There are 2 protein chains.
Amino acid sequence: MKKTSRGRRRIAMEAIENAAARQVCFSKRRAGVFKKAAELSVLCGAEIAVLAFSPSGKPFFFGHPSVDSVLAHFFSAWPAPPRPHHPLAGAPVQALGREESQLAELLEEERRRK
Amino acid sequence: MKKTSRGRRRIAMEAIENAAARQVCFSKRRAGVFKKAAELSVLCGAEIAVLAFSPSGKPFFFGHPSVDSVLAHFFSAWPAPPRPHHPLAGAPVQALGREESQLAELLEEERRRK
DNA sequence: AGGCCTATGCTTAGACC
DNA sequence: TGGTCTAAGCATAGGCC
C-alpha cells in the first residue's frame, strides 16, 4: 500500500502565514495545551486557568477547579471595592456580542457541571 | 561508567502524594505548559493567558500579548460599570498579602517590558 | 473544527547538583 | 526551585476524512 504520511516534520517557530494551516495548528496545539494544563492540575492539584482566543477570535478556556475560582484567587489580592464577586457573574447574555455570548454560555455550562 | 538513569518512566494520572515530588513535577510541567502556550501565540498569533498557582501557593502567569490584554479582552464582554479598566491597575502593593504582592510585582515587571 | 493515522521530534520522570 | 543528563513516553505535522 502507498505510504500516505511522512510523519511529523519540524516547523520553524514563526508565525504561520497560511490562514488555513494556522487555524489547524491552533486547534491541535490548543488541545495539547489544555490537556497539559489538565494533567498539571490533576497531578499536582494546582489551580490553573487558561484563556485563549483563536485566530478567528473564538474563545476557549480551561480552569481548575474552575476559571471563576482561579480568576477570583487572582483578583482576591485587591480589597474589593463595591463590585460583583466576579465580573462575569450574572451578566445579561443578551447584552453581549456573539463571541461574548458564546463565552458566557460556555462559562454557564462549566458552572452547571459543578 | 555507571548507568545513572533509567530514563523517563510512565506515571499514573492521579494526584502525586509526596509533597516534594509534587512540587518538582509542578515546576517542570509548568515550564512545559508555558512553553507550549508561548509557541501557540507565536505560531498562530493567538491571544492566550495562563494563570497558575503552585502547590505551595506561588503564582505564575504567562500572557500574549500580555496577561492584562487577554483579561481585558475576556472582560470586554461586559458593558463596563464604573470600575477601573483592569482590577489590577494601580492597586497599592502594600495593601496586598505576601503572595499577592509578588504577583503584583511580576505584573509590574511585565508591564515595564512592554 | 475535530478525528484518524504514521513517523518522528519534543517533553519529561528519575537521579543528582 | 531551577539546571543537567538519559532514556523512553507522548505530542504533533502532514495527509485524508
Side-chain angles (χ1 to χ4, degrees), chain A residues 1-48 50-62 98-99 101-103 105-106 109-110, chain B residues 1-48 50-62 98-103 105-106 109:
Chain A
M1 48 204 291
K2 206 176 74 173
K3 184 155 57 175
T4 167
S5 171
R6 285 181 303 164
R8 180 180 189 170
R9 324 272 40 220
R10 168 191 286 249
I11 62 172
M13 269 306 299
E14 54 189 31
I16 296 173
E17 295 303 322
N18 182 285
R22 194 191 317 133
Q23 181 58 52
V24 171
C25 177
F26 178 83
S27 298
K28 293 187 175 182
R29 280 172 173 267
R30 177 189 53 77
V33 172
F34 279 44
K35 182 179 182 184
K36 292 288 191 183
E39 294 187 343
L40 182 60
S41 67
V42 171
L43 291 170
C44 309
E47 286 185 61
I48 180 169
V50 183
L51 305 176
F53 289 90
S54 75
S56 63
K58 184 174 175 182
F60 293 88
F61 56 85
F62 166 81
R98 182 175 38 175
E99 171 186 302
S101 65
Q102 284 179 25
L103 218 188
E105 277 174 44
L106 293 171
E109 266 184 55
E110 194 204 10
Chain B
M1 50 206 286
K2 205 177 75 171
K3 184 155 55 176
T4 167
S5 171
R6 287 181 303 165
R8 181 180 188 169
R9 320 260 64 200
R10 167 193 288 248
I11 61 171
M13 270 305 302
E14 53 189 31
I16 296 172
E17 294 303 322
N18 182 284
R22 192 190 321 133
Q23 179 59 54
V24 170
C25 178
F26 177 84
S27 297
K28 292 186 175 184
R29 280 173 173 267
R30 177 191 52 78
V33 172
F34 279 45
K35 183 179 181 184
K36 291 289 189 183
E39 294 187 342
L40 183 59
S41 67
V42 171
L43 291 170
C44 310
E47 286 185 60
I48 182 170
V50 183
L51 305 176
F53 290 90
S54 76
S56 62
K58 185 174 175 182
F60 293 88
F61 57 84
F62 166 81
R98 182 176 38 174
E99 172 185 301
E100 287 70 29
S101 66
Q102 283 178 23
L103 218 190
E105 278 174 43
L106 293 171
E109 265 185 56

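In what follows, every chain begins at residue 1, and chains take the letters A, B, ... in the order their sequences are listed. This is a predicted model, so every value here is computed, not measured.
Rounding to the nearest 0.5 Å gives a distance of 10.0 Å between CD of A:Glu47 and OG of B:Ser54.
Of all heavy-atom pairs spanning A:Phe53 and B:Ala46, the tightest one is O-CB, 3.3 Å. In terms of heavy-atom proximity, B:Val50 sits nearest to B:Ala37 at CG2-CB, 3.9 Å. Pairing each heavy atom of A:Cys25 with each of B:Cys44, the nearest pair is SG-SG, 3.9 Å.
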Listed pairs under 3.5 Å, donor-acceptor, residues 7-21 of chain A side chains, sequence neighbours left out:
| residue | atom | partner | partner atom | Å |
| --- | --- | --- | --- | --- |
| A:Asn18 | OD1 | A:Ala20 | N | 2.9 |
| A:Asn18 | OD1 | A:Ala21 | N | 2.7 |

Going by atom type alone, with no hydrogens or angles, which donor-acceptor pairs under 3.5 Å involve a side-chain atom of residues 29-36 of chain A and a protein atom two or more places apart or on another chain?
| residue | atom | partner | partner atom | Å |
| --- | --- | --- | --- | --- |
| A:Arg29 | NH1 | B:Glu39 | OE1 | 2.9 |

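For B:Leu40 and C:dC10, the CG to P distance is 17 Å, given to the nearest whole Å. Counting to the nearest Å, the C1' atom of D:dG14 and the CG atom of A:Asn18 are 13 Å from each other.
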Do any N or O atoms of the protein come closer than 3.5 Å to N or O atoms of nucleotides 9-13 of chain D, and which pairs are they?
| residue | atom | partner | partner atom | Å |
| --- | --- | --- | --- | --- |
| D:dG9 | N2 | B:Arg8 | NH1 | 3.4 |
| D:dG9 | N3 | B:Arg8 | NH1 | 3.2 |
| D:dC10 | OP2 | B:Arg10 | NH2 | 2.9 |
| D:dA11 | OP1 | A:Lys35 | NZ | 3.4 |
| D:dA11 | OP2 | A:Lys35 | NZ | 3.2 |
| D:dA11 | N3 | A:Arg8 | NH1 | 3.1 |
| D:dT12 | OP1 | B:Lys36 | NZ | 3.3 |
| D:dT12 | O4' | A:Arg8 | NH1 | 3.4 |
| D:dA13 | OP1 | A:Arg29 | NE | 2.9 |
| D:dA13 | OP1 | A:Arg29 | NH2 | 3.0 |
| D:dA13 | N3 | A:Arg8 | N | 3.3 |

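Remark: B:Ser41 engages no residue in a side-chain hydrogen bond (donor to acceptor under 3.5 Å, both in side chains) (not counting sequence neighbours). Applying the side chain to side chain contact (heavy atoms under 4.5 Å, CB included) test to A:Ala38 and every residue at least two apart in sequence or in another chain returns A:Phe62.
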For DNA chain C, the dot-bracket pattern of Watson-Crick and G-U pairs whose distances stay under 3.5 Å, | for other-strand partners: .||||||||||||||||
